[in-house]
Amino acid sequence: MNLITDPWLGYRFRDGSERQLPISAIADPDVVDFALPRADFYGAAYQFAIGLLQTMMAPDDKYQWHERYRNAPEQETLAASLALAEHAFELEGDGPRFMQDRDPLDGVSPGPVSGLLIEAPGANGLKLNTDHFIKRGIAEVLSPQMAALALFTLQINAPSGGQGHRTGLRGGGPLTTLVLPHDADASLWQKLWLNVQSRESWEYPDPDYHSEQLFPWLGPTRISKAKGSEIYAHDVHPLAMFWAMPRRIKLLFEEQEGVCQLSRQPCSRRCRQYRTSNYGNNYAGSWEHPLTHYRFNPKKPEEDYLSTKGQPGGIQYRQWHSLNFVDQSEGNLPARVVQDFVREKAAFFDFEWGEAPRLWAFGFDMDNMKARGWYNSEFPLIRLDADLRDTLLSEIKALQSLAQEVVWHCRTQIKAAWFDKPADAKGDTSHIDLQFWQRTQSEFFIAVQSLLNTGDGRLTPDIAQRWLRALSFQGQELFDEHVLSNLYPDRDMVKKIQARRRLSGWLAGSKRTRQFRNDYRIETLSKEQA
């Protein structure tokens, strides 16, 4: 199967129908999205298509980019352009195989293909019978199409996998951020093309489609057992970031009728096993993958950049300003595609707040080799007035900072009501934070919208008062739901009431909330309204 020419990806059309077609179908104006069985495959398909377009069809400048955004190429034209790299996208055969090691790895015992799935239990989990929540046997048989997606998903997200099994170029389980049109029914072409940069915006040498400096599987793997075998950004073509291959893998196919356990579709050729070996390509140093947010130490900018990873509690509006805006003081570098849109592409669009493009962030929350969850969030993507940028950012952080303190006190008092010794309590309480962030998100963006309309970039007293009231209400509501919802007699009720009073007292009269009221003249506003 060839990933350029064969019909292997599922697509959803404007009329709701779904079909399996070649990658060139992304240029069909009636195709609105991919149609795939897993969220991580869905995110991987976007990255695969964006990587192809950036590698094979990058526009010369922003004007050519805009023209192609408005008018997608004919499918035949796109197919002809992509065909230049057709040789690098064979999934099987005796020659180079897509994202697979050149060595046949014959000396390695095969393992079940389900091991390609990041959340699948490992060999130790199977041996100890600890696969309680995520069961074994979730994907014992895969079609070539699903095997290709599983392989690519693992290579771009690769977590630590034991001795010598290398993590991905962006580290294990990186957070990916993309720009999407406001309209969810926009064509798939527009959704993808928003994340392609012009050669003027991102300068790099013309790629050689036959070079292992671009597609690493075209050459031998750089075995990384010895010191000094690391691969740095200057060792490869910049576009190789889309095609990094940290794991040494060989898929094993067999000619036999079956049913793919992921797509539930019949297949005449199937994959049940694969071989893998350690000490593959070891990517080191600072990289700036165009689809990923990075952090750096503002006091030591010479240190390596660190990609942002998924964390317990998900992707909430508390991270929104970091993902959206460059902030040198905090060491925040949004994904290049986000920066490129804000800096250049936004000028081509005339939209109000309710029509703003979307910032889509997604990725695994990994604990070393263990997948704790998959997160997926969307936020408005806006450009700040250059003259007011610093003031607006400061005010946005003030909103977020107060929310973080409220949720901390809410969680602390809930634990004080639950446990005799809250400091010694074990267990995950991130669900409390998650509920708080979700319930206050709409009010946060109402406050941000109002802030952008003030003219001077400062919160007005009525905006600040509404925000404080929303935080106080939701903090107390969460406490009551988690602690006081039980109507039966409770010998711990005194302790619970005391915790409730402490929370209410902090919200009403703490030094922090008094300072917020004073900073934004909330007391003055209340007296005038009275």
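Sequence positions, counted from 1, serve as the residue numbers for this chain.
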For the pair R358 and E378, find out whether any cationic side-chain nitrogen is under 4.0 Å from an anionic carboxylate oxygen.
yes
Cation-pi check for F13 against R19: NZ or CZ below 6.0 Å from the six-membered ring centre and within 45 degrees of the axis, yes or no?
yes
P246 to Y283 - nearest heavy-atom pair and separation:
N-CE1, 3.9 Å
I315 versus W320: any side-chain heavy-atom pair under 4.5 Å?
no
Quick check: do R102 and P96 have side-chain heavy atoms less than 4.5 Å from each other?
yes
Among residues two or more places apart or on two chains, list those pairs meeting salt bridge (charged side-chain N to carboxylate O under 4.0 Å, His left out) that have a residue in residues 331-342.
D340-R343, D340-K345
Distance from L117 atom CG to R38 atom CZ, nearest 0.5 Å?
4.5 Å
Donor-acceptor contact present, side-chain Y232 to main-chain W287, <3.5 Å
no
What's the shortest heavy-atom distance between S17 and D15, and which atoms?
OG-OD1, 2.6 Å
Here the pair of heavy atoms bringing G280 nearest to T221 is CA-CG2, 3.8 Å
Determine whether the side chains of S307 and K309 contain a donor N or O and an acceptor N or O closer than 3.5 Å.
yes
With distance as the sole test, does Q54 use its side chain to make a donor-acceptor pair with the main-chain N or O of V196 at under 3.5 Å?
no
Can you tell me how far the OG atom of S277 sits from the CG atom of D101, to the nearest 0.5 Å?
7.5 Å
E254 with R270: basic N within carboxylate O range, under 4.0 Å
yes
T308 vs T292 side-chain heavy atoms within contact, under 4.5 Å
no
Do L149 and L9 make a side-chain contact, defined as non-hydrogen atoms from C-beta onward lying under 4.5 Å apart?
yes
Could you check D33 against Y46 for side-chain hydrogen bond (donor to acceptor under 3.5 Å, both in side chains), going step by step and ending with a plain yes or no?
CA-CA 9 Å; D33 220 330; Y46 266 81; 2.9 Å; yes
Give a yes or no on whether the backbone of G331 and the side-chain of N297 come within a donor-acceptor separation of less than 3.5 Å.
no
Mind listing the closest non-hydrogen atom pair of L91 and R97 along with its distance?
O-CD, 3.5 Å
Any side-chain heavy-atom pair of P174 and H289 under 4.5 Å:
no
From CA spacing to verdict: side chain to side chain contact (heavy atoms under 4.5 Å, CB included), D40, F362
CA-CA 9 Å; D40 57 341; F362 57 87; over 6 Å; no
Is it true that E255 and R269 have a side-chain N and a carboxylate O under 4.0 angstrom from each other?
yes
Side-chain heavy atoms of P144 within contact of F253, under 4.5 Å:
yes
Which atoms form the tightest heavy-atom contact between Q163 and N278, and what is the distance?
O-ND2, 3.2 Å
Is it the case that the side chain of R295 and the backbone of E330 share a donor-acceptor pair, with hydrogens and angles ignored and the cut-off at 3.5 Å?
no
Check each of F242, F98, F89 against F215 using the ring-ring contact (aromatic ring centres under 6.0 Å, His included) test, and report the only one that passes.
F89
Nearest-0.5 Å distance that lies between atom CG in L214 and atom CE in M241:
11.5 Å
Would the distance check show the side chain of K225 and the main-chain N or O of I223 forming a donor-acceptor pair, the cut-off being under 3.5 Å?
no
Checking side chain to side chain contact (heavy atoms under 4.5 Å, CB included) for the pair L434/Q438: CA distance, chi angles, key distance, verdict?
CA-CA 6 Å; L434 180 59; Q438 289 176 338; 3.6 Å; yes
Other residues, nucleotides and ligands only: do more than 12 of their heavy atoms fall within 6.0 Å of CD on E203?
no
Option passing side chain to side chain contact (heavy atoms under 4.5 Å, CB included) with F325 (candidates L393, V338, V342, N332)
L393
Please check: side-chain N/O of S377 versus main-chain N/O of Q316, any donor-acceptor pairing under 3.5 Å?
no
Apply side chain to side chain contact (heavy atoms under 4.5 Å, CB included) to residues T276 and L105 and explain how you reach the verdict.
CA-CA 7 Å; T276 185; L105 306 180; 5.6 Å; no
Give a yes or no answer on whether the side chain of D365 reaches the backbone of G373 with a donor-acceptor pair at less than 3.5 Å.
no
Could you name each residue pair satisfying side chain to side chain donor-acceptor pair (under 3.5 Å) that touches residues 184-199, not counting sequence neighbours?
R199-D206
Verdict with reasoning, V141 to V259, per side chain to side chain contact (heavy atoms under 4.5 Å, CB included)
CA-CA 7 Å; V141 177; V259 175; over 6 Å; no
Check whether more than 12 heavy atoms from other residues, nucleotides or ligands sit under 6.0 Å from atom CD of E303, and answer yes or no.
yes
Q75 side, atom CD; L82 side, atom CG - distance, nearest 0.5 Å:
11.0 Å
What do you reckon, are the aromatic ring centroids of F379 and W360 less than 6.0 Å apart?
no
So for atom CG, which belongs to N71, do other residues, nucleotides or ligands contribute more than 12 heavy atoms lying within a distance under 6.0 Å?
yes
Quick one: CD1 on I4 to NE2 on H87, what's the gap to the nearest 0.5 Å?
10.0 Å
Can you tell if the side chain of I26 reaches within under 4.5 Å of the side chain of L53, non-hydrogen atoms only?
yes
Which is it for R166 and S160 under the side-chain hydrogen bond (donor to acceptor under 3.5 Å, both in side chains) test, yes or no, and what are the steps along the way?
CA-CA 6 Å; R166 301 305 182 189; S160 59; over 6 Å; no
Spatial distance of atom CG (L52) from atom CD (Q47) [nearest 0.5 Å]
12.5 Å
Scanning both residues in full, the closest heavy-atom pair of Y204 with P238 reads CB-CG, 3.8 Å
Parallel, tilted or perpendicular: ring planes of Y69 versus W65, cut at 30 and 60 degrees:
parallel
State whether the side chain of D367 and the backbone N or O of K370 hold a donor-acceptor pair below 3.5 Å, judged by distance alone.
no
Taking the side chain from Q261 and the backbone from E140, do they hold a donor-acceptor pair closer than 3.5 Å?
yes
Do side-chain atoms of W8 reach the backbone of M1 as a donor and acceptor pair under 3.5 angstrom?
no
In terms of side-chain heavy atoms, does R222 have a donor or acceptor partner in S229 at a distance below 3.5 Å?
no
Classify the ring geometry between F445 and Y317 as parallel (under 30°), tilted (30 to 60°) or perpendicular (over 60°).
perpendicular
Take the angle between the ring planes of F34 and Y42 and call it parallel below 30°, perpendicular above 60°, tilted in between.
perpendicular
Check whether any side-chain heavy atom of Q273 sits under 4.5 Å from a side-chain heavy atom of P112, and report yes or no.
no
Qualifying residue for side chain to side chain contact (heavy atoms under 4.5 Å, CB included) with M99, from L251, L3, L151
L151
